[in-house]
Structures are given as C-alpha cells and as structure tokens.
Amino acid sequence: MMAYDPNDAGLTRIIMQSAGGWYFDKDGNLAIEGNVALKAALEVIQKIQTANIFRPAAGWADWVGAFTGGEVASVTTGVWITGTVKSQPEQSGNWGIAPIPKLTIEGATHYSNLGGSSWYVLSASAAKDEAADFLNEIYAKDVNFYQKILVDRGAVGSLLAAREGEAYKSNDAFFGGEPIWQTFSDWLSKVPSVNYGTFTNEVDSVVAAHQPELAKGTPVDDVIKAINEQAQTLVQ
Amino acid sequence: MSAISSRPPRPRFDVNGWLFVGPALALIATFMVFPVLHSLWMSFQTGLGVRLSFAGFKNIYRLFNDPLFFTALTNTFIFFLVQVPIMLTLALITAALLNSPDIRFRGVLRTAIFLPCVTSLVAYTVLFKSMFVANGLVNTTLIGLGIVDVGIPWMTDPFWCRTMIIIAITWRWTGYNMIFYLAAMQNIDRSVYEAARIDGVPTWARFLHLTVPMLKPVILFTTVTSTIGTLQLFDEVSTITGGGSAGGAAGPGNSALTLSLYIYNLTFKFAPNYGYAATVSYVIVFLVAILSFVQFYVARERKA
Amino acid sequence: MTSYALKQRFSSIAVYVFLGVMAFLSIFPFLWMIIGATNSTSDIVKGKMSFGEALIVNATTFFTQVNAPLIFWNSAKVTIIATVLTLLISSLAGYGFEIFASRFRDKIYTLILLTLMIPFAALMIPLFMLMRDFHLINTHLAVVLPTVASAYIIFYFRQSTKAFPHELRDAARVDGLKEWQIFLLIYMPVMRSTYAAAFIIVFMTAWNSYLWPLIVLQSNDTKTITLVISSLGSAYYPDYGAVMIGTVLATIPTLFVFFAMQRQFVEGMLGSVK
C-alpha cells in the first residue's frame, strides 16, 4: 500500500518517463494524443484508483505523513525523499529500496526520474563564462563535493563519477545495511532521457486536474482528449 | 471674515492643498494608475517572460478558447453565488438575535462571533486544513456523531473541497458582516418594532418585513464588498492547494482554481506569460467595475 | 404555564442555542490552534482534542526551522513602516481634499475613489516589473510602497474631516500658525480616534498581507510570518505542531490589538459606512 495524491501528477510522470515518454516529443512539441507511454501511465493510475489500493493523500504534508507516520509501508518517488524517510529514526532497518515495476510497452524500463533541481546559465548573463566554468569545475568534476553534500545535506547528485567516492560506497543501516547509493547510481544511468520542454508545469497541472476523473471510471482515451484540449491553450 | 459654517468653495489655486495631497497623488500615480495602464497595454501583448510582442486581440481570442480560464471563472462564480448568500443570511440572523435587548451575555457573544476576523487569511486557512485532513478532527467528529459512516473526502473530491473552502470563508467573515448589520440595526427606531409587536406581528415577520427592508442599503453594501472580495479570492485557495509550490492541480480537479490563482500561476508558476495574465486580470477589473457601478447606482437612489 | 409562555420559553432557548453554537464555532479554531500547539503532528492529524505534552518539542522545531526573531522583526518592520507612512500620507491627503478647494479637486478625488475598484490581480504583474526596475525586489520597501497611499484610508479621513471643527482652524490661523503646524498640532490630536480606527485597518492589512509579499519577497531572510506559515505547511518535513506554534505567534499581535482597542477596532472595520 502507498499514499497517493490524485491532485499530483508525479506518479504519472514517473511511470511515463520509465518508458521514455513525456508530455512533449523530442523536439519539445506537445504530445498528448497518441502518446503510448502517457496512456499506459494513466491506465495504471486508473487501476490504482478504481481498485482502491491506496491511502488517499491530500497535499504534500499529508502524503509525507502517511509514510513517516507508518500508515503505509512504501513510497514511490525521487531519490531525494531519502532524507524525509530517514527523519523517522524508529523506522531504521525496516526500509529497503526496489526499482519501480515495468510497463509492458516498447521501451519500458524499471527506471525513472522525478523532480530534483537543475542548474542553468543564462546566455544573456554578464558572467556567463565564469558561471559555466564554475559549474564545470564543481558540479561536473568534483567527486569530493558530492560526498560532502550527500553526507551533510542528503543531496544526491546526478554525476555518475560521484559513485566512486566514500559516501556513495557506504552501506546504510537505515536500509538494512544495503549500499543504496551504488544501487541508485546504477539505476541513474538507465533512466530514459526525455525533453522536458518549456511547459511541463502547465501540462502537469492539467493532467493532475483530470486524474480524479479516472477514479470515477472515465475511459482513459476520453481523459487524454480532454487533457489535450486544455493543454493546447496553455502551451503558447 | 466670510461665513465659516457654510464653507464657500474657494475656486482658486491653493498651493497648500496640493502640498497636502501631493505625496498621495504621486504614489497613487506610480503604484496604481501607471501599473493598471501598463497592465492594459500588456494585455495586447503576448510572449514568454520579457520577450513580449504586440498581439492585438489574440489574448481575448485565447481567453474564449481556454478551458482553464472557464474553470477558474466557474469556480469563482460558484464561490460567490453559494458562499455570499449563506454567509450574509447567517450574519443577518445572528445580528437580529443579538440586537434584542433581552439577550444576556450579548457583549461576550458578539465578541466571540466577531473574533475570527482578527486572524490572517493564511493562518486560519492552515488551521482549517489541519482540521479537515483525511482522518482528522472534522471527520472523526462526524463519524463519532454518526452523521457519516466514512470520512468525507474533503481534500480529494472537487465538491467537498469547495464545500470546505466555503465553510472556511464563512467562518472568517460572518462576524465581520454581522457587525455592519448590528450597527445599522442600532439606528432603527425601536418604536416601530414595539408597535408591530403590540399589533401581534410574529417575530419572524417583523424580521422579514421590517428589519430586512430597512437594512437594504447595508445589505447591498455587504453583498457588493463580499462579492468583490470573493472575485479576488487568493490567499485561502493558494494555501489550501499547497502554498505556492509548483506542480499539481489547484485542488482536486482544479476545484479551487480561482481567477486570481490562475493569474498567479500564469505569471509565477508557469512559463510566465505576462500579456495573457494581464488579459485575465482585466476580466476581474471588468466584473468588479460592473458590481461597483451597481453599488454606486443604488447608493445614489438611496440619497434621493 | 400558558401555551404562549411555553412557546416564548422554547423560542428563547432556541435563540440561545443558535447564538451559543455560532459563538462556539467561532471560537473553536482558536482552541484548536492552542491545543494543537501542545500536540505532535501525528496527534493533530488524528484530531486529538486534548492538551498534549509536545509544546516544548513543537516550539523547538519551530524555532530551529524558522529564524523566528528575524521573521517577526520583518513582519513588525513591514507593519510599522506601512502603518506610519499610510496614516501620515493618507491623512494628509484626506485632510487636503476636504479643506482646500481647487479646480480639479473633485475630479481627482473621484479618480482616486475609482482606484478602489481595481483588483490587485490587475496590478501585481506591472508592480512586480516596476519594483524590478527600481531594484527593490526582495526589499521591505517594495512591500510597503504600493499600499501607502490607500484610497480607502484617504476616503475615511476625508469623511471624518467633515466633522473637524472649522473654528479651530480659523483660530489657529489668526494665531499665525502655518498650514502644516495646524495639521500637526491641532488636526492630528483632535482626530486621534479617527487615527486609532485607521491604525487598526492598516495594521491588520499589513500584518496579515500575503499575496504581494509572496511575490516580492524571495529570500528566506526577508520573509514575513504569513509567508513562513504558508510554506511551513508544505515543507519537506511538514510539522503541524510547529505550524500551530507559528499561527499562535502570528495571531497574538492582532488578538492583542483587538482586545486593547475593541471599540476602535469595530469602528475601523465599519469605516465610513455608518
């Protein structure tokens, strides 16, 4: 059992991206209708909702409270949730990590991505070169830096080389002594890459708004059609 | 010296007058008149971020083809068509009962009912959110009293989410409106009531046929201000739906998406389209203008 | 007992029940807030309605997550600057409009009243851009500036100035006082109840404001208590116990002002409608 917030499309995005799909195609154009991965993701969401196998969550606080309070025993989201999970010392040793299930469509994998932060350098910036150089030296090379932010802040970097550091090789007693960072790092390299485009937030709010309809049994194709219609006016 | 009491107009340029009103005028021009004109100009432009280009009436066309705008408009209308009458009726009845001189503890009761309007919109919304969580206070109480068998999905069902917001707003503003009615009732001549009472007119009829008609102007005033307030509803829906965090819908099925929240999202949550957001904001200007016109019109009628 | 008397008694019981329920529901969230401050998050979301033992824990969480002295100072600063400037500038204008006649006075005054119709949503984007051009984003001045010349407060002062005795003004003039001295030394002390009522309106609006500060205040060290409460609820480690502490602390100043100045409070709310 897991907590699920029908007003949040995070899980939909996780499932969609695991099969290499997104709200947009590789060129950044809106791709809702005919999007095999999105359709498969929404079908899973509908199954979860109609089978009533989730603990309904209302907003972030309630959703987090469901697993930190021990009401549900699993959470499917980005690796950054680790810190929140570990905020409950009495649950130490009871947790483990597992890859997400795989869809049955072409290109489906057990791996996906959700949220996190990114760094950008504005092309109009006066200190464009310095900024790029800084990011290049620290974020793209400094393995020790990644060890430090993992230990001090619980921040997980996407630099694959970071796995060679001490902290990334350690076993975590909270997760039954597993080398979870090595595992996460393995999975990281297998996440299908997609084009997030400019309007992910826009389309995401539309998808989230239509998820409750799935719970009522509205056919997935109808929901996709409605999402497409609303998303088109927002993406401009 | 000229007649002071009648205060004749002095139609000459008085430098002192301009010095007194000058600072306010400068500020209003800078932070009110200029922005609202700028906003009007922006509503004819489109583009992302600072890359705006002239678009003519394209934004208005987009408005009429934007399902999310209609969702926001519908929600806003639902909130004021349902919430304003409920709240004002409650406020009116409460005021009428409290106005009776035989009621004991009047002061305490009045203070208690007025108290909600000292809270900040954000603080009271957070409190309501914590009471209405899935297995929280409201649901356990309702189940305990045998009113419902399973908890009401306050935060996951569009209808109940709107209901919760309406309950919350009603809590915050009923006492506020009651104070206006109480103040107006104190100006009504008691002898009219006495005469009606002696003639055997029942309480409810006195309320309906004497009190309500005499309070017409203030009822109108509270209706217009409440409606304008509801048209601009933001703090509550923003707090209930996540406090400005990115991602997700504004309440289940966007049931808490109001016009102001939509404008905020278009500007600060989505890839910013200032031009289109300005167009949506002029819808509120338009609606408020109509309402204010109605208010001025009726107020004028009252004076005549 | 006659049936009439019975009916009377029954209806008066009904009245007390109705008013009692209204009063109870109005007070209840305050109780909930205070009780919540003493309970852990897991008890709060279960709806526990009795005092718990988590007060110290909640307070510790709140004060470690939030730089409370700074946040309250920010709120106080915004409120104090807004209150002082608004009362000064808007009362000057209200007084000026009433006392000094000029050719354009009434046209300009009508224009100012018309600005009351402008919803904030129509202003926020251009205001944000304006503040950006003034390099005032993330400053408390940006929060305060757009609110200082309040059409409503100007209106309120002009209405109240109608009751200001003209004899006082003329006597002062005869004594050779300058216009600004009349305002400062005579008008302000005489109109103190108007100032008190206006103070309440401005204080409440400034202390509780949310949308505009949410837009212009972007770093954690400039944020006000309202913003902090809103973001605490959606933090990575959401803690309702700490949120309750925050709401209690944020409500204390307004409650204090309410109980200290109840009469002016109601006066201020009623404004010039009476």
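Every chain is numbered from 1, with letters handed out A, B, ... down the list of sequences. Remember, it's a predicted structure, so these values are computed and weren't measured experimentally.
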* Asked: Who passes side chain to side chain contact (heavy atoms under 4.5 Å, CB included) against B:T140, sequence neighbours left out?
  -> none
* Under 4.5 Å from a heavy atom of chain B, the part of C:F258 involved -> side chain
* Who wins among C:S12, C:S26, C:G47, C:G96 for the most heavy-atom pairs under 4.5 Å with chain B? -> C:S26
* Asked: Is it the side chain or the backbone of B:M42 that comes within 4.5 Å of chain C heavy atoms, both, or neither?
  -> side chain
* **Test item: side-chain donor near acceptor, C:Y210 and C:S230, under 3.5 Å** => yes
* chain C heavy atoms under 4.5 Å from B:I228: which part of the residue, side chain, backbone, both or neither? -> neither
* Give a yes or no on whether the backbone of B:T125 and the side-chain of B:R172 come within a donor-acceptor separation of less than 3.5 Å. => no
* Flag the one option from C:T254, C:V15, C:T251, C:L19 with the top tally of heavy-atom pairs under 4.5 Å to chain B. => C:L19
* **Expected output: side-chain B:S100 to main-chain B:L97 donor-acceptor under 3.5 Å** => no
* Under 3.5 Å, is there a donor-acceptor pair between the side chain of C:T161 and the main chain of C:E98? -> no
* **Option in B:V108, B:T174, B:L127 with maximal non-hydrogen atom pairs under 4.5 Å from chain C** => B:L127
* Side-chain donor or acceptor of C:W32 paired with backbone N/O of B:F128 under 3.5 Å -> no
* Got a donor-acceptor contact below 3.5 angstrom from the B:T279 side chain to the B:S43 backbone? -> yes
* Asked: Just checking, any donor-acceptor pair under 3.5 angstrom between side chains of B:Y274 and B:Q45?
  -> no
* Pick one of side chain, backbone, both or neither for B:L25, based on which atoms fall under 4.5 Å of a heavy atom in chain C. => side chain
* To do: Could you look at C:M22 and say if it's the side chain, the backbone, both or neither that has a heavy atom under 4.5 Å from chain B?
  => both
Less than 3.5 Å apart, which donor and acceptor atoms pair up between the side chains of residues 110-122 of chain C and the rest of the protein, not counting sequence neighbours?
unit_1, atom_1, unit_2, atom_2, d
C:T110, OG1, C:D106, O, 2.6
C:T115, OG1, C:I112, O, 2.5

* Which region of C:L130, side chain (C-beta onward) or backbone (N, CA, C, O), has a non-hydrogen atom less than 4.5 Å from a non-hydrogen atom of chain B, or is it both or neither? -> side chain
* To do: Let me know if C:I225 has heavy atoms under 4.5 Å from chain B in its side chain, its backbone, both or neither.
  => neither
* For chain C, which of B:S130, B:A277, B:S260, B:A289 has the most heavy-atom pairs under 4.5 Å? -> B:S130
* To do: Pick one of side chain, backbone, both or neither for B:V133, based on which atoms fall under 4.5 Å of a heavy atom in chain C.
  => side chain
* Structure fact -> From the list B:A26, B:A112, B:A123, B:A184, the residue making the most non-hydrogen contacts under 4.5 Å with chain C is B:A112
* Asked: Is the backbone N or O of B:N177 less than 3.5 Å from a side-chain atom of B:T222, with the two atoms forming a donor-acceptor pair by type?
  -> no
* To do: Could you tell me which portion of B:F34 (side chain, backbone, both or neither) has an atom closer than 4.5 angstrom to a non-hydrogen atom of chain C?
  => side chain
* Interface moiety of C:F28 toward chain B, non-hydrogen atoms closer than 4.5 Å -> side chain
* To do: Please indicate whether C:F18 has more than 12 foreign heavy atoms, meaning atoms of other residues, nucleotides or ligands, lying under 6.0 Å from its CZ.
  => yes
* Examine whether an atom of C:F134 lies under 4.5 Å from a heavy atom of chain B, and if so say whether it belongs to the side chain, the backbone or both; otherwise answer neither. => side chain
* Structure fact -> Comparing B:F132, B:Y124, B:W171 against chain C, the one with the most heavy-atom pairs below 4.5 Å turns out to be B:W171
* Asked: Taking B:S39 for the side chain and B:V36 for the main chain, is one N or O donor matched with an acceptor at less than 3.5 Å?
  -> no
* Asked: Non-hydrogen atoms of chain B under 4.5 Å away: do they reach the side chain of C:L88, the backbone, both or neither?
  -> neither
* Could you have a look at B:G22, B:P116, B:P23 and say which one has the most heavy-atom pairs with chain C under 4.5 angstrom? => B:P116
* With a 4.5 angstrom heavy-atom cut-off, which part of C:R158 approaches chain B: side chain, backbone, both or neither? -> neither
* Asked: Of the listed residues (B:L90, B:V280, B:T267, B:T94), which shares the most heavy-atom pairs with chain C below a 4.5 Å separation?
  -> B:T94
* Side chain from CB out, backbone as N, CA, C, O: work out which of these in B:R104 comes under 4.5 Å of a heavy atom of chain C, or both, or neither. => both
* To do: Check whether any side-chain N or O of C:S90 sits under 3.5 Å from a backbone N or O of C:V148 as a donor-acceptor pair, and report yes or no.
  => yes
